[in-house]
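Since the structure is predicted, the reported quantities are computational estimates derived from the model, not experimental observations.
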Protein chains: 2
Amino acid sequence: MEASGGAKRVTLAQVAERAGVSVMTASYTYNRPDRVSDQARSKVLAAADELGYAGPDPSARSLRRGSTRTLGVVMGEHLSYAFEDPEAVSFLAGVADVCTDHGCGMTIVPITGAADDVARIADAAVDGFIVWTTSDDDPVLAAVRATRRPAAVHGGPAVGGMGLVSIDNRAAARAIGAVAWAGAERPALVSFPLSRDRRAAITNGAALPGVTFPVTRERLEGYRQAAEAAGIPWQDVTIAVCARNDAAEAERVAATLLASAEPPDAIAAMSDQQASGVVRAARAAGRTVPDDVAITGWDDAAVAARLGLTTVAQSLRDQGASCALIALGRPAPRTPAWSLIRRTSTRP
Amino acid sequence: MEASGGAKRVTLAQVAERAGVSVMTASYTYNRPDRVSDQARSKVLAAADELGYAGPDPSARSLRRGSTRTLGVVMGEHLSYAFEDPEAVSFLAGVADVCTDHGCGMTIVPITGAADDVARIADAAVDGFIVWTTSDDDPVLAAVRATRRPAAVHGGPAVGGMGLVSIDNRAAARAIGAVAWAGAERPALVSFPLSRDRRAAITNGAALPGVTFPVTRERLEGYRQAAEAAGIPWQDVTIAVCARNDAAEAERVAATLLASAEPPDAIAAMSDQQASGVVRAARAAGRTVPDDVAITGWDDAAVAARLGLTTVAQSLRDQGASCALIALGRPAPRTPAWSLIRRTSTRP
DNA sequence: CTGTTAGCGCGTTCAC
DNA sequence: GTGAACGCGCTAACAG
């Protein structure tokens, strides 16, 4: 191998010339080695070696072939958030599984929440897109749609022309809400943010402003139905809206609720991360779970089993895989399943 | 927007023709809007809209420009492993931080451990590579080097022509080994696998076969120095080699050790994940930490603080960022720092 | 088995 | 401010 690792680009044509063969013979040497005589192939490889040819240029190949063999993944307003949320990481693992099987790459598109997100999406060399759940008004959705490539949205919103992979959040919320608040006198809910401004607030069911995150909206509707079915007016449910899906924030807000004059005796959270924070706050406040406070989570993460959390089980990994299949142009798989897991954090 | 979302590809030339302008005017409309009259621009955009033009093709652009604005990341024999190891995820977050800042994408190259890994790397349309720590004999290294693109290896091995980002594992192992085994009579070590075959075994310092993972090798050397400095012959150290970096496996193997005739009274592990498994095994066996068994981890992950683990702190996130900078062609940052964190899992 | 032709879709020339 | 050529590096589709 030539040691002069220079910046100069060596082309297949140069290799062919040096080897004394046509460009196509050189190309075949890399792509269809069986169609080339041993003699020609070794001449080509020798020439490549001498010239320091790095192999066919992937961009040129993609252009010629008309496909990049890569899927794009858009993970929400700030990219590194994707790596901080364990459920998002599971989802990515599911995407990775399918990409590995199909030999395609997985490009994470660098999103910042700023105006140039649209350009970053338009400039991504990918065959299809996967969008992690976002708000109804996220410009990313239109940008992805404008590429006219196959795309799947996880969670929501549903967008014409793109696949949607999501459990029935409303039904699941109804089911776990019923368990969480059974027999409760002062029910509370720790919620994901309602919209992109991610404003935190402690409010109640009657005072909820517009909710633009569809997953959050559907869950709130389900919880409302659960409350009303249990004879609890929605406005009597205390709702702590968090800025992020985060154990520490949930712990702080739960501590506040538990220290109030009318502390909740049943707290439903929208994720196991949040619920784990709530459990810590409850313990710190000297309450027993579930007798003083019933607590529920969502996702059936590892922490849920550890803490004995009643939760909604769903496989983010499978959902990531489904999204990837859609982005590859496969037909959409059926609606993903969920189930209620009853453990010891709720009253029997 | 035209609704007939067909599969047919619309080119810039067609848009230009329909708009009654030259191709370059159409191109400028997308790339240098200031160099085009308002009138021409709106004609172009209208034509694009009518034709359903999706915008300039990213592959063609990359080819023309000579760069893809994307970094490739190679995460070890099996891709989804990357998403199961929390430290690997931190590392990816660091890469993502830099990619976001520089507006470049991040392509995870789908590796399976099979022979076609090399082809997958050669065919990745990226400007540079980042390789997660691997073995000396991993063919991926040669494949990355053959692309002649800037590349950084995290952890090791060191390869000519590629940057290396790694703490001094030997020194760190020496330091934490000294604390772990201080005053111990029956020291043990829970180790990462030694080579790509990932064979699990319980052995001792004298019976170690060839170690081809350089990070593991360097740590073993450091631990050996720590043992000998404490007057413990290396062959007296029980070494439990695990197949993977995994809490559950470490728990099983630690349980075995603790149930043996001569149970260890000090166990050093190579990660906090492993150490957390060891702590669970110790508790299950009715031992107190650190009195009956001293335990150390590595990484200073969240779980280390929770369990009070003495550990080696390092920032995988910063190291990911450093790798990304190198892959972008920036000069290599200085050697990353580590420090010893003493908590309550070791004897004072 | 090997060579020739003809672009893939775009953007950097350089003229006008 | 706009237009006409040319080629980025490669490979499908044909000959031969």
**OP:** Sequence neighbours left out, what pairs pass salt bridge (Lys or Arg N to Asp or Glu O under 4.0 Å) with at least one residue falling in residues 14-30 of chain B?
**Re:** B/Arg18-B/Glu50
**OP:** Go through the structure and list residues passing salt bridge (charged side-chain N to carboxylate O under 4.0 Å, His left out) with A/Arg120, not counting sequence neighbours.
**Re:** A/Asp116
Original post:
What bend angle does the helix from C/dC1-D/dG16 to C/dC16-D/dG1 show across its length, from five-pair end axes and to the nearest 10 degrees?
Top reply: 30°
Subject >> First and last nucleotide of DNA chain C, 5' to 3', lying under 4.0 Å from heavy atoms of chain A >> reply: C/dC1 to C/dG9
**OP:** Mind checking the NE2-OG spacing from B/His154 to B/Ser322? Nearest 0.5 Å is all I need.
**Re:** 9.0 Å
Subject >> Residue pairs passing the salt bridge (Lys or Arg N to Asp or Glu O under 4.0 Å) test where at least one lies in residues 92-113 of chain A, sequence neighbours excluded >> reply: A/Asp97-A/Arg317
Original post:
Is there a side-chain polar atom (N or O) of B/Thr25 under 4.0 Å from OP1 or OP2 of D/dG1?
Top reply: no
Report, one pair per line, the protein and nucleotides 8-11 of chain D atoms (nitrogen or oxygen only) whose separation is under 3.5 Å.
residue : atom : partner : partner atom : Å
D/dC10  : OP1  : A/Tyr53 : OH           : 2.5
D/dC10  : OP1  : A/Asp57 : N            : 3.0
D/dC10  : OP2  : A/Leu12 : N            : 2.4
D/dT11  : OP1  : A/Asn31 : ND2          : 3.1
D/dT11  : OP1  : A/Arg61 : NE           : 2.9
D/dT11  : OP2  : A/Ser27 : OG           : 2.9
D/dT11  : OP2  : A/Asn31 : ND2          : 3.3
D/dT11  : O2   : A/Arg64 : NH1          : 2.4

I'd like a table of donor-acceptor pairs (distance under 3.5 Å, sequence neighbours excluded) in which one partner is a side-chain atom from residues 104-113 of chain B, with atom names and distances.
residue  : atom : partner  : partner atom : Å
B/Thr107 : OG1  : A/Thr107 : OG1          : 2.6
B/Thr112 : OG1  : B/Ala114 : N            : 3.1
B/Thr112 : OG1  : B/Asp117 : OD1          : 3.3

Original post:
Mind checking what makes salt bridge (charged side-chain N to carboxylate O under 4.0 Å, His left out) contact with A/Asp136, not counting sequence neighbours?
Top reply: A/Arg217
**OP:** Sequence neighbours left out, what pairs pass ring pair (Phe, Tyr, Trp, His ring centres under 6.0 Å) with at least one residue falling in residues 22-50 of chain B?
**Re:** B/Tyr30-B/Tyr53
Listed pairs under 3.5 Å, donor-acceptor, residues 32-39 of chain A side chains, sequence neighbours left out:
residue : atom : partner : partner atom : Å
A/Ser37 : OG   : A/Ala40 : N            : 3.1
A/Asp38 : OD1  : A/Arg41 : NH2          : 3.3

Original post:
In chain order, what residues pass the salt bridge (charged side-chain N to carboxylate O under 4.0 Å, His left out) check against A/Arg330, with sequence neighbours excluded?
Top reply: none
Subject >> Residues forming a salt bridge (charged side-chain N to carboxylate O under 4.0 Å, His left out) with A/Arg65, sequence neighbours excluded >> reply: B/Asp123
